[in-house]
Amino acid sequence: VQLQAFGGGLVQAGGSLRLSCAAAGIAFSISDVGWYRQAPGKQREMVAIITSGVTNYADSVKGRFTISRDNAKSTLSLQMNNLKPEDTAVYYCHVNMWGVNYWGKGTRVTVSS
């Protein structure tokens, strides 16, 4: 199983970034998927997930971030708009298939004020 996330970078507050995650070696279409993030000195937290077809977002990103999946391409995306300095973190894509968790290596997002 391979999860490769990309699309992170440095952006000014108010800007946008789109993260993508390519999955290989996994039954992506039947898996629960999501994005998590870990800021310096903090625990990893859920950002957005799609579980059994239902989408949920952390309160801090509602209305600004949109998660989507393309089962035909086995890709997961996170469109991030109106970014804030507090969104600075390493973002990880996550897949849960049959109760087993898989994590990508992460992509860093830095939002300057």
For residues 7-112, which residue pairs qualify under disulfide (SG to SG under 2.5 Å), counting only residues two or more places apart or in two chains? Cys21-Cys93
Using salt bridge (Lys or Arg N to Asp or Glu O under 4.0 Å) as the criterion, list what pairs up with Arg64, not counting sequence neighbours. Asp87
Okay, side chain of Trp35, backbone of Ser77: is any donor-acceptor separation there less than 3.5 Å? yes
For Val109, all residues meeting side chain to side chain contact (heavy atoms under 4.5 Å, CB included), sequence neighbours excluded: Leu17, Leu19, Met80, Tyr91, Val111
I need the full list of disulfide (SG to SG under 2.5 Å) pairs touching residues 60-89, with sequence neighbours left out, sorted by first then second residue. none
Apart from Val90 itself, its cluster of hydrophobic side chains linked below 4.5 Å comprises Tyr36, Met46, Ile49, Tyr92, Trp103
Considering all heavy atoms, the nearest Ser113-Pro85 contact: CB-CG, 3.8 Å
Just jot down the side chain to side chain contact (heavy atoms under 4.5 Å, CB included) partners of Ser29, sequence neighbours excluded, or say none. Asn71
Shared hydrophobic cluster, Trp98 / Val1 (ILVMFWY, side-chain heavy atoms < 4.5 Å): yes
Are Ile30 and Leu76 in one and the same hydrophobic cluster, where Ile, Leu, Val, Met, Phe, Trp and Tyr link if side-chain heavy atoms are under 4.5 Å apart? yes
Would you indicate whether Arg18, at its atom CZ, is surrounded by more than 12 heavy atoms from other residues, nucleotides or ligands within a distance under 6.0 Å? yes
Scan for disulfide (SG to SG under 2.5 Å) pairs involving residues 53-83, sequence neighbours excluded, and state none if there are none. none
Give, for atom CG of Leu10 and atom CZ of Arg108, the distance between the pair rounded to the nearest 0.5 Å. 11.5 Å
Asn96, Val100, Ile26, Ile50 screened by side chain to side chain contact (heavy atoms under 4.5 Å, CB included) with Ser31, the one that passes: Ile26
List for me each residue that meets side-chain hydrogen bond (donor to acceptor under 3.5 Å, both in side chains) alongside Lys42, sequence neighbours excluded, and say none if there are none. none
Looking at residues at least two apart in the chain, or sitting in another chain, which of them share a salt bridge (Lys or Arg N to Asp or Glu O under 4.0 Å) with Glu45? Arg37
Taking ILVMFWY side chains as joined if any heavy atoms are under 4.5 angstrom apart, and letting links pass through other members, which residues group with Phe6? none
Can you sort out the partners of Lys73 under side chain to side chain contact (heavy atoms under 4.5 Å, CB included), two or more places apart, ordered by chain and number? Asp70, Thr75
According to side chain to side chain contact (heavy atoms under 4.5 Å, CB included), who are the partners of Ala48, at least two apart in sequence or on a separate chain? Tyr57, Ile67, Leu78
